[in-house]
Amino acid sequence: QVQLVESGGGLVQAGGSLRLSCAASGRGLANYPMGWFRQAPGKEREFVAAIAWSKHITSYADSVKGRFTISRDSARNMVYLQMNSLKPEDTAIYYCAGRTVSGLAQSDGEYRYWGQGTQVTVSS
């Protein structure tokens, strides 16, 4: 059984930064891609970023490219999302997700494991 637990969300002013963390327990996901998604009120869940087991391979949504950075510490089963230059439109619940097959994916249907989410609110 895999559990993903997000932390690090909160309230921040526009232009500020937050670092989200995702702790994975149970079956190790160190050899598989991990991703971050977000869901704003009244909107569908959308892809934010993904990272392969090889830390050098990453993928980002155009809306966050250049502002967000995904990273992982496979030895500790941790995944991070560093968010800089935050905008009010980044306000959402952020979810950590894990795949069980190789290859990056931007569709939430490609991920098997999900955390409960952490709220990020950016004030203007």
Side-chain angles (χ1 to χ4, degrees):
Q1 188 70 16
V2 173
Q3 277 193 320
L4 301 178
V5 179
E6 303 95 336
S7 61
L11 173 64
V12 64
Q13 288 189 332
S17 298
L18 281 174
R19 187 195 194 206
L20 304 183
S21 298
C22 172
S25 61
R27 171 186 173 184
L29 295 176
N31 294 326
Y32 295 105
M34 298 290 292
W36 286 95
F37 289 76
R38 66 186 182 187
Q39 187 167 21
K43 294 187 177 182
E44 293 186 354
R45 186 161 57 188
E46 65 175 3
F47 170 77
V48 176
I51 186 166
W53 71 268
S54 170
K55 305 170 192 177
H56 302 294
I57 301 175
T58 57
S59 175
Y60 295 93
D62 288 342
S63 59
V64 307
K65 206 171 290 183
R67 299 187 298 123
F68 291 10
T69 302
I70 188 171
S71 62
R72 69 189 300 169
D73 183 341
S74 297
R76 299 182 179 181
N77 273 341
M78 296 291 295
V79 181
Y80 306 99
L81 186 67
Q82 178 67 43
M83 305 185 296
N84 299 327
S85 303
L86 283 162
K87 305 175 182 179
E89 51 264 43
D90 294 318
T91 295
I93 299 174
Y94 283 71
Y95 298 91
C96 176
R99 301 193 76 197
T100 54
V101 294
S102 61
L104 298 183
Q106 298 189 355
S107 170
D108 58 2
E110 299 287 340
Y111 290 79
R112 180 173 181 178
Y113 299 107
W114 291 86
Q116 293 300 307
T118 184
Q119 176 71 48
V120 171
T121 303
V122 184
S123 63
S124 57

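Keep in mind that what you see is a predicted model, and the values were worked out from it rather than measured.
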Rounded to the nearest 0.5 angstrom, the CD-CG distance for Glu6 and Leu81 is 11.0 Å
When every non-hydrogen atom of Phe68 is compared with those of Val48, the smallest separation belongs to CD2-CG1, 3.7 Å
Apart from Val5 itself, members of its ILVMFWY cluster (side-chain separation under 4.5 Å) are none
Taken to the nearest 0.5 Å, the spacing of Cys96 SG from Gln3 CD works out to 12.5 Å
Applying side chain to side chain contact (heavy atoms under 4.5 Å, CB included) to Ser85 and not counting sequence neighbours gives Arg67
When rounded to the nearest 0.5 Å, the distance separating OG1 of Thr100 from CD of Glu110 is 10.0 Å
Joining Ile, Leu, Val, Met, Phe, Trp and Tyr whenever any side-chain heavy atoms lie under 4.5 Å apart, the cluster holding Met78 also takes in Tyr80
The reported gap from OG in Ser102 to CD1 in Ile57 (rounded to nearest 0.5 angstrom) is 10.0 Å
Output for pair (Gln13 CD, Ser124 OG), nearest 0.5 Å, gives 9.5 Å
Quiz item: Do other residues, nucleotides or ligands put more than 12 heavy atoms under 6.0 Å from Lys65 NZ?
Solution: yes
For residues 14-22, dump all side-chain donor-acceptor pairs below 3.5 Å to protein atoms at least two apart in sequence or in another chain.
from	atom 1	to	atom 2	distance (Å)
Ser17	OG	Asn84	OD1	2.9

Test item: Leu4 and Met34 side chains (from C-beta on) under 4.5 Å apart, heavy atoms: yes
In terms of heavy-atom contacts, Arg45 and Tyr95 come closest through CD-CD1, 4.0 Å
* When clusters are formed by joining ILVMFWY residues with side-chain heavy atoms under 4.5 Å apart, either directly or through shared neighbours, do Val2 and Val79 land in the same one? -> yes
For residues 29-42, the salt bridge (Lys or Arg N to Asp or Glu O under 4.0 Å) pairs (sequence neighbours left out) are Arg38-Glu46, Arg38-Asp90
| query | Does a sphere of radius 6.0 Å around CD in Glu89 hold more than 12 heavy atoms from other residues, nucleotides or ligands, not counting ones at 6.0 Å or beyond? | reply | yes
Correct closest heavy-atom pair for Leu104 and Ser59 would be CD1-CB, 3.7 Å
Residues 104-124 vs ring pair (Phe, Tyr, Trp, His ring centres under 6.0 Å), sequence neighbours excluded, gives Phe37-Tyr111, Phe37-Trp114
- prompt: Can you tell me if Thr91 uses its side chain to pair, donor with acceptor, with the backbone of Val122 under 3.5 Å?
  reply: yes
So CH2 of Trp36 and CZ of Phe47: to nearest 0.5 Å the spacing works out to 13.0 Å
